[in-house]
Amino acid sequence: MFTAIGKVMMNWLDQTGGAADMVRSAGFWLARSRFEFKQFVLQSITIGVDSFGVTALTSLFTGMVLALQAGNTINNIFGDPIFVGTIVSFSLIRELGPVLTGVVVAGRAGAAVTAHIGTMAVTEQLDALYTLGTNPTQYLVIPRMGAFLLTMPVLTVFSNIFGVIGGYLVAVYALGVPGEVYLSDITTFMGAKDFMHGFIKAFIFAFMIATVCCYKGVSTRGGAEGVGKSTTGAVVTCIVLILVLDYFLTAILAAFGI
Amino acid sequence: MIEIKHLKKSFGSHHVLRDVNLKIEDGKITSILGGSGSGKSTLIKCMMRLLDSDGGEILVNGKDITKVTNPFRLAAVRRHFGYLFQEGALFDSMTVGENVAFGLSYLTDIPKEKYPAVIKEKLAMVGLKEEVAKLNPSELSGGMRKRVSLARVLAISPKCILYDEPTTGLDPIMSDIISDLILEMKKKIGITSVVITHDMHSAFKISDYIAFLYEGEIMLYGTPEEFRKTDNPYVRQFVDGSSHGPIQMKLMRE
């Protein structure tokens with residue numbers, strides 16, 4: 001059993017080292033070679049379009065269920081569904097917005113990135129990049145990292161908006177909270193630092209998703225089966241890391257008063 | 001002139017290249033023969049620096065390219081070579097034309113507006129019409145994929161082309177067309193070629209020199225005529241394509 005645990009740990013360390021090396025290499029090529037702007041734009045559009053619908057839908061219903069649960073619970077305790085807007089907006093903007101967006105982006109766009117790069121790896125297309133004067137880091141990884149870093153915070157903003165709308169619909173039409181009360185509960189208690197809290201998380205999740213998905217793609221071996229394994233591995237790693245990182249980020253950001 | 005001296009490459013405990021010594025003459029076609037898994041592709045991947053060798057030297061015009069580590073100098077080393085991948089390795093997210101023009105922006109000073117003319121010229125060199133440029137790689141047959149891949153290599157004007165099993169998986173007629181193309185490249189532009197193959201018909205037709213790679217070493221190097229006449233039992237068995245002989249006996253022991 002210890003051997004098995006050792007193997008898993010070694011594999012994990014090996015992959016972490018490989019991913020760190022890829023990030024270092026991305027920094028090197030970003031500073032010293034041309035930026036693939038066309039690829040960056042194409043990837044940003046693809047990631048945004050791929051993830052927007054699912055992000056909007058998940059956030060809308062998450063906002064709705066948050067309002068329903070909070071409203072019912074508070075109603076049972078105080079006899080009036082107060083502060084529904086505050087609870088919904090705090091939960092979404094500080095936590096669920098970036099987390100849900102991260103999970104959706106990892107599952108949709110992240111998986112697509114790993115599958116695409118992984119297929120290129122097993123069909124020697126990555127080697128072909130070297131033979132034609134560029135390399136996978138410059139041509140594939142950097143534009144995708146840039147695209148994730150751009151689109152994730154934007155998608156998180158949309159996620160927050162849809163979540164708040166969902167909460168509004170339930171609060172107003174199911175719980176009977178006046179619309180202006182719901183909105184004033186948000187504006188009174190939410191500050192710039194709450195948005196900053198969510199934004200920082202979105203950026204860090206974006207960087208992590210881009211790193212994991214690109215690394216899993218370029219390190220794919222073993223044909224179609226290898227592509228499947230890499231893609232599943234990338235999505236599972238991203239989701240687990242999002243949830244784990246979310247706790248530590250919350251603790252660190254809270255320590256800095258954000 | 002490319003000179004390979006005492007080249008070694010292992011994958012874990014599997015020693016693929018033990019001690020490879022080989023000279024590639026400028027402007028000539030050198031074929032490297034060997035069975036499946038004998039390390040032929042590993043050898044040319046080491047030449048292209050897609051793999052790092054574990055020891056020995058690869059001298060290109062007298063300079064050892066195995067010691068180059070700087071990424072920009074490494075790119076300059078690779079610039080010397082063009083590499084025709086076994087399955088073509090065409091970028092499937094691009095059209096044929098975009099594939100052919102891909103290396104131009106990285107490796108040449110040709111302005112973008114001249115790319116269509118280059119695409120047309122290179123496709124014509126491999127016997128394909130201009131209209132093919134609009135197709136996607138998935139719409140091409142195996143032979144066409146290899147020809148488009150060759151056009152992509154020719155577009156960057158390398159000094160030496162490394163062909164990884166160019167006729168494998170093709171019908172006999174298409175194999176012969178590809179062999180003719182390799183010969184044509186030598187005659188028309190005097191390009192140096194290294195061809196990895198186990199297609200004896202093609203090797204005898206196109207080669208100026210043949211090297212037989214066996215157990216990680218070059219067992220025999222010579223002209224096609226010398227290969228036809230050799231009494232080396234290993235090479236004889238391979239050339240004759242016989243299931244009986246020392247190679248088979250060794251495989252059985254393993």
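All values below were derived from every heavy atom in this structure, side-chain atoms included, with hydrogens, water molecules and symmetry-related copies excluded. All values derive from a computational prediction rather than experimental measurement. Note on naming: letters A, B, ... go to the chains in the order of the sequence lines (proteins, then strands), and numbering restarts at 1 for each one.
The number of heavy atoms from other shown groups lying within 6.0 Å of CD (A:Glu225) does not exceed 12. For NZ of B:Lys159, the number of neighbouring non-hydrogen atoms (other residues, nucleotides, ligands) closer than 6.0 Å is 12 at most. More than 12 heavy atoms of other shown residues, nucleotides or ligands fall within 6.0 angstrom of atom CZ in A:Phe40. At most 12 heavy atoms of other shown residues, nucleotides or ligands fall within 6.0 angstrom of atom CE in A:Met196. In B:Lys8, the NZ atom is crowded: over 12 heavy atoms of neighbouring residues, nucleotides or ligands sit closer than 6.0 Å. Dense packing is recorded around CZ of A:Arg34, with more than 12 heavy atoms of other residues, nucleotides or ligands lying under 6.0 Å away. Counting heavy atoms of neighbouring residues, nucleotides and ligands inside a 6.0 Å radius, atom CZ of B:Phe72 exceeds 12 of them. Around atom CZ of A:Phe35, more than 12 heavy atoms belonging to other residues, nucleotides or ligands sit under 6.0 Å away.
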Go through the steps to decide whether A:Thr134 and B:Phe102 satisfy the test side-chain contact (heavy atoms from CB on, under 4.5 Å), and finish with yes or no.
CA-CA 10 Å; A:Thr134 179; B:Phe102 188 87; 3.7 Å; yes
Any chance you could lay out the side-chain contact (heavy atoms from CB on, under 4.5 Å) test for A:Met120 and B:Ser93, step after step, and finish with the verdict?
CA-CA 10 Å; A:Met120 289 183 78; B:Ser93 55; 5.9 Å; no
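No close placement of the B:Phe91 and A:Tyr139 rings is indicated, their centers lying 6.0 Å or farther apart.
Residues B:Tyr106 and A:Leu132 have side chains not in contact (no heavy-atom distance under 4.5 Å, counting atoms from C-beta outward).
Using a 4.5 Å cut-off between heavy atoms, A:Arg32 touches chain B through backbone and side chain atoms alike. Both the backbone and the side chain of A:Thr131 come within less than 4.5 Å of a heavy atom of chain B. Heavy-atom distances place no part of A:Leu126 under 4.5 Å from chain B, backbone and side chain included. B:Leu104 does not touch chain A: none of its heavy atoms, backbone or side chain, sits under 4.5 Å away.
Nearest heavy-atom pair across B:Leu107 and A:Gly133 is CD2-CA, 3.6 Å. Shortest non-hydrogen contact noted between A:Gln125 and B:Ala89 is CG-O, 3.9 Å.
Interface residues of residues 123-150 of chain B toward chain A, defined by a heavy-atom distance below 4.5 Å: none. Of all residues spanning residues 35-51 of chain B, those with a heavy atom less than 4.5 Å away from chain A's heavy atoms are B:Lys45, B:Met48, B:Leu50, arranged by number.
Atoms NE2 and CG, from A:His116 and B:Asp92 in turn, are 6.0 Å apart once rounded to the nearest 0.5 Å.
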